[in-house]
> 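Just passing along the structure, written as structure tokens.
Order of appearance sets the numbers: ligands from 1, and atoms from 1 within every ligand. Remember, predicted model here, so these are calculated numbers, not experimental data.
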Amino acid sequence: MSNTPVKETHAFQTEVKQLLDLMIHSLYSNKEIFLRELISNASDAADKLRFEATTDDALYENDSDLHVYIEANKDERTITIRDNGIGMNRDEVIANIGTIARSGTKEFFGQLSGDQEKDAHLIGQFGVGFYSAFLVADKVTVTTRRAGLEKEHGVRWESTGDGQYDIETITKDARGTEIVLHLREEADEFLESFRLTSIIHKYADHIPFPIRMMGTPTPAAEGEEEKPAEIETINQASALWTRPKSELSDEEYNNFYKHIGHDFEDPLTRLHQKLEGKYEYTLLLYMPKRAPFDLWQAEAKHGVKLYVRRVFISEATEDLLPRYLRFVRGVMDTNDLPLNVSREILQQSPAMNAMKKGATKRVLGMLEDMAKNASNENSDYATAWKEFGNCLKEGIIEDTDNRDRIAKLLRFSTTKDDEQTVSLTDYVERMVENQDTIYYITAETLAAAKHSPHLEVFRKKGIEVLLLSDRIDEWLTSHLTEFDSKKLQSIAKGELDLSNIGDNAEEDKKEHEEAIKSAEPAVKKLKESLGDKVKDVRTTDRLTDSPACLVSDQFDMTGNMERILKQAGQDVPSVQPILEINPEHDLVKRLAKMRSKDKIADFSDILFDQAILAEGALPEDPAGFVRKVNSLLTQ
Ligand code: ADP
Ligand code: MG
């Protein structure tokens with residue numbers, strides 16, 4: 001640190017510039033949120049200090065009265081927000097304010113359309129945090145010193161928000177962070193202390209640290225002297241989750257969510273419960289409206305924070321809720337863990353395990369309640385499913401204890417409904433007479449699934465089929481093999497016997513048997529000319545319009561799975577598919593009569609490649625396929 005230059009000018013990361021522009025355009029009518037964001041950061045900083053101090057008391061530097069102090073100066077036209085939290089060192093200042101380190105940033109900016117209204121909505125999801133200071137200020141000065149560092153290692157950061165900032169090493173006596181906002185002309189209203197006080201009440205009553213301001217002097221009563229102004233605490237300063245539900249308004253709950261979830265939007269729903277069994281703990285959990293940007297990244301943050309006796313202990317980890325519920329936001333507070341609990345202790349603690357189990361059950365209950373009240377594709381549950389459905393599918397794989405409950409929460413597109421609203425319970429209720437199996441098809445896209453030739457006979461017989469087109473569905477179906485004692489079966493796997501289902505079953509069967517007989521020569525020819533390309537060739541009654549389709553053997557991997565793994569760069573052996581042909585199709589009948597060896601070979605290849613195309617995949621030699629089809633067409 002000694003050889004860092006004292007004063008430097010740095011350029012903002014490109015994304016920061018974009019964010020500042022966008023923010024000023026889209027949030028100008030909602031400027032007051034700057035105070036919420038800066039207080040929220042101060043509170044996080046106090047939490048971090050209190051946690052680090054549980055193992056190193058010296059960090060308090062004899063000042064453990066954690067608080068935020070706010071001051072407006074009408075002469076200078078500044079607002080100062082000062083905390084005695086953890087503070088930042090020089091590297092942290094550069095990393096935290098001047099760059100957006102959050103994962104998913106690139107993707108976020110990629111989504112921006114230039115359409116202000118749409119983008120304003122997106123910015124809500126992203127969160128502007130510290131940069132909201134520039135909503136009201138045309139110059140922002142931050143001075144900070146990290147707890148535990150010497151006074152000479154203070155840092156001063158200053159920017160006018162126009163693309164660059166200055167950074168300088170300074171001496172700072174008090175640890176923590178002080179932010180001075182040099183107000184824009186049009187932001188004068190925020191110099192009034194009643195305005196500041198009301199914003200603090202609105203957004204920060206739940207902050208568990210006192211937020212203090214200088215009060216006004218009491219005018220002198222007769223014969224007495226004027227009482228000097230005293231410092232007053234503005235907010236309630238008690239942990240919100242410890243207060244009784246009856247005292248809390250939706251607005252207070254939602255504001256707390258925005259603080260803890262770093263979100264701009266209200267949550268979809270919440271759960272606030274004090275549990276008193278073997279272990280005592282309080283849960284305040286929220287379901288966000290939208291997936292955070294990093295939901296699908298390996299290092300995705302969990303969203304539930306652990307408190308022990310109201311002291312913040314750790315950022316959310318897998319110890320509190322299983323990984324598949326990482327989208328849930330909130331706090332868990334308990335008296336049953338020691339304050340200086342380490343990661344290792346946490347993982348092995350029976351108390352923690354029991355609370356994790358309890359919290360998981362409550363979250364599933366919260367989802368069940370939403371699902372119960374859902375009536376259509378615009379319901380809250382539909383929103384939740386759209387955003388987090390694939391996480392619940394992970395739950396099927398990860399959480400065997402709760403598999404049955406999670407299975408009921410799944411929603412699918414089916415041949416009867418494209419909109420991903422069909423539950424397995426709905427499906428089972430709609431099963432046709434004699435149907436005892438839940439049928440599904442997996443494909444790369446919904447369109448490919450929907451148009452798959454495998455569906456033909458199901459359409460004819462009016463049997464509903466689940467259309468699965470998410471990558472995770474291949475894993476889902478390998479773990480969810482049964483629901484409500486009905487087997488789940490891929491319609492592209494193994495032999496299919498639907499002969500007992502539907503009207504005219506008997507008649508159809510007889511007709512079909514005759515067709516099978518007359519198709520025998522075609523089967524033989526296909527086997528000979530396709531050779532190793534296929535494991536087998538056989539007739540089927542699953543097709544009504546198409547001449548052929550591919551299926552996998554019951555215990556082989558599907559073609560879809562094979563493609564997914566190959567795309568992911570995995571070295572998987574190719575699985576030989578089974579070619580099934582429709583004995584009643586004209587092309588098959590023609591093949592049965594064909595004599596010329598060359599023609600039979602071309603014809604067989606065409607049938608095979610067509611079946612691959614119908615799965616939404618490419619034949620091995622697309623140009624060859626086109627040539628053969630053309631030559632057939634011109635004959
Ligand atoms: P977020 O709070 O969502 O992380 P912000 O833009 O609000 O995003 O803040 C960025 C980071 O800057 C914080 O994560 C924190 O590391 C740091 N920071 C901001 N304000 C303070 C503060 N008062 N004390 C210490 N660190 C701070
Ligand atoms: Mg913040």
> H182: what forms a ring pair (Phe, Tyr, Trp, His ring centres under 6.0 Å) with it, not counting sequence neighbours?
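Ring pair (Phe, Tyr, Trp, His ring centres under 6.0 Å) list for H182, sorted by chain: empty.
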> Which pairs pass ring-ring contact (aromatic ring centres under 6.0 Å, His included) with one or both residues in residues 29-65, sequence neighbours excluded?
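Matches after skipping sequence neighbours: F34-F190.
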> Looking only at N/O atoms, are N41 and ligand 1 under 3.5 Å apart anywhere?
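Between N41 and ligand 1 (N or O atoms, distance only) the closest approach is under 3.5 Å.
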> Which of the numbered atoms in ligand 1 are under 4.0 angstrom from any heavy atom belonging to A45?
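Within the 4.0 Å cut-off of A45, ligand 1 contributes 24 (N), 25 (C).
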> For Y253, is the NZ or CZ atom of R270 found under 6.0 angstrom from the centre of its six-membered ring and inside 45 degrees of the ring axis?
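The answer is yes; both the distance and angle limits are met.
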> Within a strict 4.5 Å, meaning less than it, do heavy atoms of the M287 and P267 side chains meet?
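In short, these two side chains do not touch, never coming nearer than 4.5 Å.
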> Sequence neighbours left out, what pairs pass ring-ring contact (aromatic ring centres under 6.0 Å, His included) with at least one residue falling in residues 322-365?
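Of all non-adjacent pairs touching residues 322-365, those that pass ring-ring contact (aromatic ring centres under 6.0 Å, His included) are F327-F388.
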> Protein N/O/S atoms under 2.8 Å of the Mg ion (ligand 2)?
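Metal shell, protein only: N41 OD1.
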> Is there a polar contact between ligand 1 and Y131, counting only N or O atoms under 3.5 Å apart?
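Not met; the criterion fails.
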> Taking 4.0 angstrom as the limit and counting only heavy atoms of F130, give me the atoms of ligand 1 inside it, by number and element.
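So the answer, numbered in order with elements, is 5 (P), 6 (O), 7 (O).
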> Checking contacts here: is it the side chain or the backbone of T144 that comes within 4.0 Å of ligand 1, counting heavy atoms only? Could be both or neither.
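For T144, no heavy atom sits under 4.0 Å from ligand 1.
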> Tell me which one of T177, T143, I167, L149 satisfies side chain to side chain contact (heavy atoms under 4.5 Å, CB included) with V155.
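The side chain to side chain contact (heavy atoms under 4.5 Å, CB included) with V155 is passed solely by I167 among T177, T143, I167, L149.
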> Taking the six-membered ring for Trp, are F209 and H67 closer than 6.0 Å centroid to centroid?
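No.
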> Quick one: sort the F256 and W241 rings into parallel, tilted or perpendicular, breaks at 30° and 60°.
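Geometry flag for W241 against F256: tilted rings.
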> With a 4.0 Å cut-off on heavy atoms, does E37 reach ligand 1?
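Contact absent.
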